[in-house]
Amino acid sequence: MAAELTDEKTISEIARHYRAILELIGEDPSREGLLKTPERAARALAFATRGYRQNINDVIHEALFENENGRQLVIVRDIEFYSLCEHHILPFFGSVSIGYLPGKKIVGLSKIARIVDMYARRLQVQERLTRQLADVLMETLDAEGVIVCAEARHLCMAMRGVQKQEASTVTFSAAGVLKDDEALRQEFFASIRK
């Protein structure tokens, strides 16, 4: 599968670097508990960054359909995601809610969640992730409008730096008619409130 990093030479090279990091922080990579850690960490990193090896056409894979329902807002809410902060390579995670006003096409709902994963599984910042999702859905669906709201907790804030464990960040991005139509935006935000 294109999204998986199966090149054993690359995994081995990443693992070599993890062994060096373990030594640099004062650990002994030859001790029993760490013997397989470099390879496990290399495979985990490959999985966490698999979005680099995906593209929108493969993710959607013929799941665009004619819009038979006219002009009504489609909302998928609370799509969980996991990403890595590009500044510290520490996790941030949360959920994304997406609304779109279809043009001539709609997309299979599971594909929206797959698109979220494709962009989240990269080194990211939440602001860019939110904007990328709005842009790719607007373009791919040729939608009249798209709105994306993401809420996440960032371990770079919780376990280092300011150490604020309960802080969360909310970002949103809108395109097309959802950027300017206050009533549609309010419908979206009312729908995603818990």
Side-chain angles (χ1 to χ4, degrees), residues 1-61 76-98 109-137 140 148-173:
M1 174 182 238
E4 300 305 319
L5 184 61
T6 56
D7 177 0
E8 290 303 315
K9 183 177 178 184
T10 302
I11 292 290
S12 178
E13 184 66 12
I14 295 169
R16 184 179 67 78
H17 289 284
Y18 272 118
R19 270 189 289 288
I21 290 168
L22 288 171
E23 290 171 351
L24 288 168
I25 65 170
E27 261 297 354
D28 176 8
S30 65
R31 77 173 169 83
E32 182 181 19
L34 293 176
L35 281 176
K36 294 184 180 181
T37 296
E39 183 179 335
R40 284 192 298 256
R43 291 189 188 284
L45 183 63
F47 182 82
T49 60
R50 72 184 187 272
Y52 289 120
R53 295 171 298 283
Q54 294 177 306
N55 70 66
I56 193 69
N57 294 326
D58 289 341
V59 169
I60 289 181
H61 191 64
V76 181
R77 67 178 212 183
D78 301 327
I79 303 165
E80 73 269 10
F81 74 89
Y82 302 89
S83 193
L84 292 172
C85 158
E86 71 180 30
H87 301 137
H88 304 98
I89 311 182
L90 289 173
F92 69 96
F93 55 92
S95 66
V96 174
S97 294
I98 295 173
L109 298 176
S110 70
K111 301 305 182 181
I112 293 175
R114 291 181 190 280
I115 292 167
V116 169
D117 279 347
M118 182 179 92
Y119 283 95
R121 297 295 186 165
R122 302 172 182 199
L123 299 182
Q124 273 290 13
V125 295
Q126 183 175 333
E127 298 88 341
R128 182 188 317 116
L129 172 63
T130 307
R131 184 75 219 159
Q132 285 175 329
L133 292 170
D135 289 346
V136 76
L137 287 166
T140 304
V148 178
C149 181
E151 182 171 2
R153 297 184 63 182
H154 294 251
L155 291 189
C156 58
M157 281 183 61
M159 64 184 288
R160 58 157 305 282
V162 296
Q163 298 181 42
K164 301 300 179 201
Q165 285 77 28
E166 299 303 315
S168 65
T169 301
V170 177
T171 53
F172 81 93
S173 183

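Here the straight-line distance linking atom CD of E27 with atom CD1 of I21 works out to 13.0 Å at 0.5 Å rounding. Rounding to the nearest 0.5 Å gives a distance of 11.0 Å between OG of S173 and CD of E127. Considering SG of C156 and CD of Q163, their distance stands at 12.0 Å, rounded to 0.5 Å. Distance check, rounded to the nearest 0.5 Å: CD of Q54 to CZ of R121 gives 9.5 Å. With rounding to the nearest 0.5 angstrom, the CZ atom of R19 is 10.5 Å from the NE2 atom of H17. Taking CE of M118 as the reference point, atom NZ of K111 lies at 12.0 Å (rounded to 0.5 Å).
Side-chain contact between R40 and R43 is absent, with no heavy atoms from C-beta onward closer than 4.5 Å. With a 4.5 Å cut-off on side-chain heavy atoms, P29 and T37 do not count as touching. Taking the side chain as every heavy atom from C-beta outward, S97 and D78 approach each other to under 4.5 Å. D28 is not listed as a side-chain neighbour of L34, based on a closest heavy-atom distance of 4.5 Å or more. Using a 4.5 Å heavy-atom cutoff, the side chains of I60 and I115 are in contact.
Across A46 and I11, no two heavy atoms sit closer than the pair CB-CD1, 4.0 Å. Of all heavy-atom pairs between L129 and Q124, the closest is N-OE1, 3.7 Å. When all heavy atoms of F81 and S95 are compared, the pair lying nearest together is CE2-N, 3.6 Å. Summarising the geometry of V116 relative to L133, their closest heavy-atom pair is CA-CD2, 3.7 Å, with the distance given to 0.1 Å. Contact detail for T171 and Q126: the closest heavy-atom pair is OG1-NE2, 3.1 Å.
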Considering only distance and modelled atom types, tabulate donor-acceptor pairs under 3.5 Å from the side chains of residues 83-94, sequence neighbours left out.
residue	atom	partner	partner atom	Å
S83	OG	A120	O	2.6
S83	OG	R122	O	3.2
E86	OE1	R128	NH1	3.0
E86	OE1	R128	NH2	2.9
E86	OE2	R128	NH2	3.1
H88	NE2	R160	NH1	3.4

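Between the side chain of Y52 and the backbone N or O of L123, at least one donor-acceptor pair lies under 3.5 Å.
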